[in-house]
Amino acid sequence: MNDHHLAQVNIALPLEPLTSARLAGFVGALDEINALADAAPGFVWRLQTEDGDATAIRAFGDDRIIVNMTVWTSPETLAEFVYRSGHAPVMRRRRDWFAPFAEAYQALWWIPAGTVPTVADAEERITHLRTHGPTAHAFTFRTPFPAPNQPAPAPRLPEDLSCPA
């Protein structure tokens, strides 16, 4: 059993207020997507207010930025939810609703199982990623790091460099 879980944060800057007609598709999908996450294999926790979502929580000193933060048992379970569940079609529409960021807007990091990350933790991880690039402290799906006390995956040789049998 892994003694660490994977925390993730992503932030977004809506193109208009969440109450606008332009953001209605996003806001209308929140309950369904949150319920899908809550029931997904590997899901542990998500940031939310009494309203059941995190759209009222702000970060980075900007009242326009919204925060999504979750905890998962592994990068594989998070990736399955993000890219291969009912979340994927909604995510593909993000440019309809949110301004692109010039720098990192998502970060992953390992936490001891049973702990809950804070918004301050999330801000610090994104800031670290923006400043230092992917490290064991804050990384991305493209450049993952193993959980503490877990071996790094063995490097794979290209087919043409492998030793003949």
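Just so you know, residue 1 is the first one in the sequence shown, and it goes up from there.
- Relative orientation of the Phe81 and His87 rings is tilted, given thresholds of 30° and 60° on the angle between their planes.
- In this view, Arg64 and Asp62 satisfy the salt bridge (Lys or Arg N to Asp or Glu O under 4.0 Å) rule, not counting sequence neighbours.
- The hydrophobic cluster around Leu129 extends to none of the other residues, as no ILVMFWY side-chain heavy atom falls under 4.5 Å of it.
- Residues passing the side chain to side chain contact (heavy atoms under 4.5 Å, CB included) test with Ala122 are Val9, Met69, Trp109, sequence neighbours excluded.
- Listed by first then second residue, pairs satisfying salt bridge (Lys or Arg N to Asp or Glu O under 4.0 Å) with a partner in residues 97-119 read Glu103-Arg130, not counting sequence neighbours.
- Not counting sequence neighbours, the partners of Phe145 by the ring-ring contact (aromatic ring centres under 6.0 Å, His included) test are Phe139.
- With sequence neighbours excluded, the residues that form a ring-ring contact (aromatic ring centres under 6.0 Å, His included) with His128 are His132, His137.
- Every residue was checked against the ring-ring contact (aromatic ring centres under 6.0 Å, His included) condition with Trp45, not counting sequence neighbours, and none meets it.
- Residues passing the ring-ring contact (aromatic ring centres under 6.0 Å, His included) test with Phe141 are Tyr83, sequence neighbours excluded.
- Between the CG atom of Leu30 and the CG atom of Asp51 there is a distance of 11.0 Å, given to the nearest 0.5 Å.
- Listed by first then second residue, pairs satisfying salt bridge (Lys or Arg N to Asp or Glu O under 4.0 Å) with a partner in residues 66-93 read Glu80-Arg84, Arg93-Asp96, not counting sequence neighbours.
- Residues Tyr105 and Phe98 keep their aromatic ring centres 6.0 Å or farther apart.
- Ser74 and Trp72 share no side-chain donor-acceptor pair at under 3.5 Å.
- Glu32 pairs by the side chain to side chain donor-acceptor pair (under 3.5 Å) definition with nothing, not counting sequence neighbours.
- Applying the salt bridge (Lys or Arg N to Asp or Glu O under 4.0 Å) rule to Asp38 yields the partners Arg46; only residues at least two apart in sequence or on another chain are considered.
- Annotation: salt bridge (Lys or Arg N to Asp or Glu O under 4.0 Å) contacts involving residues 12-29, sequence neighbours excluded, comprise Glu16-Arg22.
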